[in-house]
Amino acid sequence: MTFSDYDPELTRSLNAELRRQREGLEMIPSENFVSPAVLEALGSVATNKYAEGYSGKRYYGGCEFIDEIEGLAISRAKQLFGAEHVNVQPLSGAPANIAAYSAILKPGDTILGMDLSHGGHLTHGHPVTFVAGIYNFVRYKTAADGTLDYDNLRAMALEHRPKLILVGYSAYSREIDYAKVKAIADEVGALTMADIAHIAGLIAGGEMANPVPLFDVVTTTTHKTLRGPRGGMILCKEAFAKAIDKAVFPGLQGGPHENAIAAMAVAFKEALEPAFRDYARQIRLNAKVLETEFRAFGYTLCFGGTDNHLLLVDVMGSKGVTGRDAQEALDKAGITVNKNAIPDDARSPTDPSGIRFGTPAVTTRGMKEAEMKLIAGWMNDAIVNATDDAKLASIAAEIKNLTDRFPLYPGLAY
Ligand SMILES: *Cc1c(COP(=O)(O)O)cnc(C)c1O
């Protein structure tokens with residue numbers, strides 16, 4: 001019996017999701033399209049195996065091939081980032097961060113992390129999270145010109161004497177000077193951690209600076225620009241290897257998802273190919289076109305523009321349209337973005353002033369500068385005509401024509 005015969009309800013939903021991905025423009029900067037090979041590894045028999053523990057010291061029998069699979073993922077990740085030690089078992093980015101904190105800190109320790117509205121992630125100490133009650137998070141911000149305010153970071157480090165200085169963001173669009181951060185951390189005796197969840201693929205592709213050789217601990221997701229399965233990973237200096245491994249298992253998790261780890265091995269092999277460097281370069285070139293076009297349309301670009309794959313745009317201040325209304329209008333037009341707070345946003349997180357969007361997924365589809373110009377035009381049209389449903393429908397039709405020319409998973413159907 002085929003899958004679709006057995007479960008027609010689920011098949012309908014999966015095919016609808018596949019159609020949505022094919023016909024729309026995926027501009028959420030944390031999303032991407034994995035290769036068919038990664039999809040195949042994710043759906044492999046590796047999902048059947050319990051493998052608590054680490055290679056050579058598992059708590060279950062029958063792990064000899066799982067050890068090989070996990071070993072491949074680890075050695076490729078080491079090669080990709082020049083890491084001394086890698087743990088590929090974190091189930092996603094948030095648990096990777098929690099495990100990293102628990103490995104190197106004690107409850108009550110102070111962490112200097114970036115303010116959420118300036119681009120930081122929830123797991124970097126937002127009051128709604130569990131970790132905010134365990135560690136003492138102190139927040140730094142970006143300077144008026146959009147760069148990290150290293151002078152302020154140093155002043156705050158001297159004042160608060162953190163155990164850990166944390167960089168790496170979800171909505172920040174500029175490069176980070178890791179050497180400056182490391183020098184500040186050394187001055188106050190703090191450890192350094194970079195969360196490269198968003199930009200791991202750009203680092204692997206040689207397009208952005210790599211903190212791994214310099215920082216004590218680096219965490220990442222594997223499913224954003226790195227274009228692997230949903231998952232998390234911790235890269236660290238040998239000195240922290242034991243503590244990190246213990247914190248992931250048995251500290252925080254049980255059995256690792258070995259099908260995801262197999263898919264990571266595939267994704268890392270792909271990221272080691274020369275073609276991935278071209279991909280990473282095109283992500284940035286495409287983001288630069290969006291920057292230029294949006295500036296020309298009169299939008300305020302947070303942080304003054306982009307060095308990476310994403311833009312954070314103040315739609316409220318620029319066009320009098322809220323982030324939520326812009327996101328809804330763009331959805332109707334077939335463009336998926338997310339509403340997002342801008343630095344020190346006066347509006348609420350449920351209807352903030354900004355939208356965040358980026359180029360990893362459309363670049364995977366093969367779109368280049370010419371398509372980015374079209375997309376920027378449609379996005380502006382949708383935002384300034386946010387209440388004109390006929391206009392939004394006509395944009396959606398044009399986008400369907402465009403996406404038809406960039407096939408996604410040709411031949412796939414559930
Ligand atoms: C996406 C992200 C995470 C969390 O990853 P999940 O896989 O959603 O748990 C953590 N940190 C940063 C900076 C991120 O952008």
Side-chain angles (χ1 to χ4, degrees), residues 26-32 34 38 42 87-102 111-126 128-132 135 137 139-140 142 148 164-176 178 181 192-204 208-212 215 217-235 247-248 252-253 256-257 260-261 263-264 267 283 302-303 306-312 337-341 349 354 356-361:
E26 184 49 72
M27 304 289 287
I28 294 176
S30 49
E31 294 193 13
N32 214 328
V34 300
V38 169
L42 254 184
N87 186 310
V88 291
Q89 292 191 3
L91 301 176
S92 214
N97 283 345
I98 296 169
Y101 297 149
S102 81
I111 304 176
L112 199 50
M114 184 141 82
D115 190 284
L116 193 72
S117 79
H118 288 241
H121 189 260
L122 281 173
T123 55
H124 298 183
H126 191 278
V128 300
T129 61
F130 162 73
V131 288
Y135 305 107
F137 284 91
R139 283 171 200 81
Y140 60 91
T142 54
L148 285 189
L164 177 68
I165 298 182
L166 174 59
V167 300
Y169 316 107
S170 298
Y172 184 63
S173 51
R174 309 309 312 222
E175 183 57 283
I176 299 165
Y178 298 104
V181 177
T192 46
M193 173 170 154
D195 176 351
I196 58 169
H198 259 262
I199 56 173
L202 295 172
I203 294 169
M208 293 192 81
N210 182 8
V212 173
F215 271 40
V217 177
V218 174
T219 58
T220 186
T221 63
T222 50
H223 50 273
K224 298 181 184 176
T225 49
L226 197 47
R227 209 161 60 181
R230 308 200 80 79
M233 175 161 74
I234 305 176
L235 311 99
V248 173
L252 180 69
Q253 296 182 177
H257 294 185
I261 291 170
M264 281 181 199
I283 287 177
C302 299
F303 316 121
T306 184
D307 299 322
N308 58 21
H309 61 301
L310 70 80
L311 282 164
L312 180 61
V337 305
N338 64 277
K339 59 180 184 281
N340 210 101
R356 184 189 70 150
F357 52 93
T359 55

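What you are looking at is a predicted structure, and each value in this text was computed from that prediction instead of being measured. Hydrogens, waters and symmetry mates are skipped; everything else that's a heavy atom, side chains included, is used. In each ligand, atom 1 is the first atom listed, and ligand 1 is the first ligand listed.
Take Phe215 and apply the ring-ring contact (aromatic ring centres under 6.0 Å, His included) test, not counting sequence neighbours, and it matches Tyr178. Legend: residues meeting side-chain hydrogen bond (donor to acceptor under 3.5 Å, both in side chains) with Thr123, ordered by chain and number and at least two apart, are Asn97, His121. Taking Asn308 as the reference, Thr306 meet the side-chain hydrogen bond (donor to acceptor under 3.5 Å, both in side chains) condition, with sequence neighbours excluded.
Using a 3.5 Å distance cut-off with no hydrogens or angles, the side chains of Asp195 and His124 do pair a donor with an acceptor. Looking at Asn338 and Arg356, their side chains do bring a donor and an acceptor atom within 3.5 Å of each other.
Side-chain atoms of Thr359 come within 3.5 Å of backbone atoms of Ile283 as a donor-acceptor pair (strictly under, hydrogens ignored).
Annotation: ligand 1 has protein neighbours Ser92, Gly93, Ala94, Asn97, His121, Tyr169, Ser170, Asp195, Ala197, His198, Thr221, His223, Lys224, each with a heavy atom less than 4.0 angstrom from the ligand.
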